[in-house]
Number of protein chains: 2
Amino acid sequence: MTGSRTRQQILLHAARLFGRHGYYGTTTRDIADAVGIRQPSLFYHFSAKHQILAELVDADLRQTMGRLAQAESFDTSWAERFHFFLAASSRDYLTLPYDARGYYSDAIFTEPEFQDQRLEIERFHKRTQQLVSAGVDAGEFLGVDPVFIQRAITGLQFEGMRERETNATAPVSERPLQLSDFILRAVLSDPARLGAVRAATESRLDAVDRG
Amino acid sequence: MTGSRTRQQILLHAARLFGRHGYYGTTTRDIADAVGIRQPSLFYHFSAKHQILAELVDADLRQTMGRLAQAESFDTSWAERFHFFLAASSRDYLTLPYDARGYYSDAIFTEPEFQDQRLEIERFHKRTQQLVSAGVDAGEFLGVDPVFIQRAITGLQFEGMRERETNATAPVSERPLQLSDFILRAVLSDPARLGAVRAATESRLDAVDRG
DNA sequence: GTCTATATTCCGATAGAC
DNA sequence: GTCTATCGGAATATAGAC
């Protein structure tokens, strides 16, 4: 993410405060205090409070959509594609200092100033549902409702974000594979495949890290 | 829930608005407009805005804790107890006109005026984790992290509440068993048991309905 | 780029008439 | 039990000095 050091600090602390107290529960004064500047100084870097959240969501959606494209590009089973996507995009919580994925279902995006984000989130949700549908059609997944699964992912990632922002001792490094294992166990027609699927994801994540 | 008709209308519309826009994103004027009264008239029925949310949470926690006690009282396997609790407490979304379960992880409860609710929610989370741990110790469940499972339930129910409040066409009647099946499939050591476990829950829910 | 000072709007809550 | 009128405080955002 580009911008001056102060600008990055604003994004970092805003993401953490939004995660703890929500968008409306966080004031521009709270953000400024966390950064160590006065409240009006925020408006030199951002034209409005909602621009801060919009930029956080845009950056995260770009990365998450990239993870989806990366997963789809693998020449492998739907189970491995899905598991990799879930683990990799969840793991991005760890490597990014801030993350707004948990807001993907938030009612905040019904506000007119967030229309661009709402439309992009809808596209992302649709593509996630298509990934699940493909696995169902191929017989790899049980006849689950793709909309339910997509909403389950959103709920689990929202809760994961909350856990990171509200619980300093959260064992966050285990969560990405816990989450992807949890969802795959719930949808796989043959749960015995999970061990191999997980191993494939681990080797792909290692490859991504090295290259 | 006791109280005059207007008081019940306030609780109903407040729950829906909190679900759509969050606690801070909902103003007392929004609630009053939905009920069809003027904003100060709210304060004849409730001494403060936070008393509205507190009452919603108290009523829901009473019911949910009752479901947990009911599930624990059954002389059966941990899988059947857990599945019944998840389906029954999720189904309460349908029979109650309003519900605040989705807020159980909300940062709002770190505010001092919600201390009572925070402590009761912590007790509820602990008991849920104990139910999962018992199933793990008995070998019925995989060696999952009870804290992760409890947070997963919270995330899934939060998303379920959001779906009900933001999507008028949501197929909400299927969600309770979808949710309990989803979680049980993810934790059962022997996934083949799910059919029987689900059947047991369905017959228990029928029995509960008949009295 | 950050500051002080302040405009403006909005929110929760109270007072008192009916 | 609901209303009109309004208070006090807090929130976002702007103006202009440094």
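Just so we're on the same page: letters track the sequence lines, and every chain starts at 1. As the structure is a computational prediction, the values presented were derived from the model and not from experiment. Side-chain atoms are counted along with the backbone in the values below, which use heavy atoms only and exclude waters and symmetry mates.
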**OP:** Specify the separation, in whole Å, of atom CG of B/Leu17 and atom P of C/dC11.
**Re:** 13 Å
**OP:** Look at the side chain of B/Arg7 and the backbone N and O of B/His45, then say whether any donor-acceptor pair between them is shorter than 3.5 Å.
**Re:** yes
Original post:
Can you check the A/His21 NE2 to D/dA11 C1' distance for me, whole Å?
Top reply: 16 Å
Original post:
A/Ser90 and A/Gln157: side-chain donor and acceptor closer than 3.5 Å?
Top reply: yes
Original post:
Step by step, would you call B/Tyr103 with B/Phe109 a side-chain contact (heavy atoms from CB on, under 4.5 Å)?
Top reply: CA-CA 9 Å; B/Tyr103 288 98; B/Phe109 297 114; 3.8 Å; yes
Original post:
So which nucleotide from C/dG12, D/dG1, C/dT2 ends up closest to the side chain of A/Tyr44?
Top reply: C/dT2
**OP:** Identify, between A/Arg29 and A/Arg38, the residue whose nearest nucleotide on DNA chain C lies closer to the 5' end.
**Re:** A/Arg38
**OP:** Would you tell me whether A/Arg118 and A/Gln115 have side-chain atoms, one donor and one acceptor, within less than 3.5 Å of each other?
**Re:** no
**OP:** Map A/Pro40 and B/Thr28 onto DNA chain C by nearest heavy atom, then report which one ends up closer to the 5' terminus.
**Re:** A/Pro40
**OP:** Return the value, rounded to whole Å, for the distance between atom CD of A/Glu113 and atom C1' of D/dA13.
**Re:** 14 Å
Subject >> Donor-acceptor pair (no angle test) under 3.5 Å: B/Gln39 side chain, C/dA13 base >> reply: yes
Subject >> Distance test, side-chain N/O of B/Ser47 to OP1/OP2 of C/dA13, below 4.0 Å >> reply: no
Original post:
Just how far, in rounded Å, is C1' of C/dC11 from NZ of B/Lys49?
Top reply: 8 Å
Subject >> Atom pair distance, as rounded to whole Å: CG in A/Asp30 and C1' in D/dA10 >> reply: 11 Å
**OP:** Have a look at B/Ser41 and say if it touches a base, only the backbone sugar-phosphate, or nothing, with a 4.0 Å heavy-atom cut-off.
**Re:** base
Original post:
Which comes earlier along DNA chain D counting from the 5' end, the contact point of B/His45 or that of A/His50, where each point is its nearest nucleotide?
Top reply: B/His45
Subject >> Between P of C/dG12 and CZ of B/Phe43, the distance in whole Å >> reply: 7 Å
Subject >> Rounded distance in Å - CG (B/Leu42) to C1' (C/dG12) >> reply: 10 Å
**OP:** Figure out the CD1/P separation between A/Ile31 and C/dT2, and round it to whole Å.
**Re:** 15 Å
Original post:
Any side-chain N or O of B/Ser4 under 4.0 Å from OP1/OP2 of D/dG1?
Top reply: yes
Subject >> A/Tyr98 side chain near A/Arg16 side chain, heavy-atom distance below 4.5 Å >> reply: no
